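Since the structure comes first, as structure tokens, the remarks are kept for the end.
Predicted, not measured: the structure shown is a model, and the values here were computed from it.
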Amino acid sequence: MTTGWKASDIPDQSGRTAVVTGANSGIGLVTARELARRGARVVLACRSEQRGKEAAAGITREVPGALVEFTPLDLADLSSIRDFAGSYAYDRLDLLINNAGVMALPYGRTADGFETQFGVNHLGHFALTGLLLPHLLRTPAARVVTVSSGLHALSNIDIGDLNSERKYRRWIAYGRSKTANLLFIHELAARLAAAGSDVVAAAAHPGYASTNLQSAGVRMEGRRAAERIVALGNRIIAQPAESGALPTLYAATEPGVQPDSFTGPKIQGWRGAPTKSWRAKWTTNDVASERLWVASEQLTGVTYEGLTS
């Protein structure tokens, strides 16, 4: 990989259509903006209508003539995911960027009763990808990029307790949800290959990037001291969101990206230009990925037509 790869190295995206979840802030917003800058039509799939529309307007101000639009999507609600997929208006889908996520929240449940981090970070994107799969399959050289984290190393999944009902530890639950992202991409890549599809399923992570993700949990609990510490870390240690988005943009657009690859920052996995990232061995376990896939189909009710084990 090129040592100094940057956003200006993104190939021309004219004529391509992208969906970016969580595109109203952080690395999702940067990802959407840079894809639009290179000519892609970008659908900003966001939970908040106000923030989604503000993000679209901001991109248009910065990139005159940008083809961007907001469509509501709440990954914590399967009915919202189905509505989004059912209303998708384009013949093609070149890039599906599964970016949105939550981190280290107090215990909660989604609208469908799933533990929030597992439900939003994994099951929501599993359902969305499955429902949009027909559009991906009929688009030449389409890609699915799911944003995981280096913190997947905190924990393997527990297939017998996917919703952390026996014991909930917020950081372990986060790590499990990010491991689930990698197992999902591992299994999706295998199933696409078995079906003879040229859709590329890959993963990326931003390293330590300054976004709103880190502070949401402590803010929900009113932990002001912890919130100040997070803010200080974001200011002193973290790289900006513009840099954190580069691994996602690389995985989405660079020619030759391989199925089931994992791209992250070069310097200790924290910051720097995109490169091949370390991943825990358990994230490429064929048995675990197949079991998680089956469980995810059962929990969401979404099956991937045309892709078998």
Assert yes or no for the condition that the ring centre distance of Tyr88 to His135 is strictly below 6.0 Å. yes

Judged by modelled atom types alone, do Ser296 and His122 share a side-chain donor-acceptor pair under 3.5 Å? yes

For Glu165, what residues pass the salt bridge (Lys or Arg N to Asp or Glu O under 4.0 Å) criterion, not counting sequence neighbours? Arg109

In Å, rounded to the nearest 0.5 Å, how long is the span from CD1 of Ile10 to CG of Leu249? 4.5 Å

Tell me whether the centres of the aromatic rings in Phe262 and Trp278 are closer together than 6.0 Å. no

For Ser80 and Asp74, does a side-chain donor sit closer than 3.5 Å to a side-chain acceptor? no

Nearest 0.5 Å please: distance from the CG atom of Leu136 over to the OH atom of Tyr304. 9.5 Å

Would you mind checking if Glu49 and Lys53 are paired as a salt bridge, meaning a charged N to carboxylate O distance below 4.0 Å? yes

Is Arg166 paired with Asp158 through a side-chain N to carboxylate O contact shorter than 4.0 Å? yes

Check: His125/Thr146 side-chain N/O donor and acceptor closer than 3.5 Å: no

Assess the residue pair Glu187 and Arg191 against the criterion (salt bridge (charged side-chain N to carboxylate O under 4.0 Å, His left out)); give the C-alpha distance rounded to whole Å, side-chain angles, the decisive distance to 0.1 Å, and a yes or no. CA-CA 6 Å; Glu187 185 70 17; Arg191 290 178 180 238; 2.8 Å; yes

Within the supplied structure, the quantity of interest is the number of heavy atoms (other residues, nucleotides, ligands) at a distance under 6.0 Å from Asp91 CG; does it exceed 12? no

Any side-chain heavy atom of Arg279 within less than 4.5 Å of one from Leu182? yes

Between Tyr168 and Gln117, is the side chain to side chain donor-acceptor pair (under 3.5 Å) condition met? List the steps. CA-CA 11 Å; Tyr168 182 74; Gln117 296 190 81; 2.8 Å; yes

Are His186 and Trp282 close enough that their ring centres sit under 6.0 Å apart? no

Reported CG-to-CG distance for the pair Leu75 and Asn121, which is rounded to 0.5 angstrom: 9.0 Å

Only distances under 3.5 Å count here; give the side-chain donor-acceptor pairs of residues 194-203 to other protein atoms, sequence neighbours excluded, each with its distance to 0.1 Å.
unit_1 : atom_1 : unit_2 : atom_2 : d
Ser197 : OG     : Val199 : N      : 3.1
Asp198 : OD2    : Ala141 : N      : 3.1

Heavy atoms of other groups near Arg37 CZ, more than 12 under 6.0 Å: yes

Donor-acceptor pair between Thr129 and Asn98 side chains, under 3.5 angstrom: yes

Between Phe118 and Phe126, does the ring centre distance come in under 6.0 Å? no

Regarding Glu305 and Thr303, is there a side-chain donor-to-acceptor distance under 3.5 Å anywhere? yes

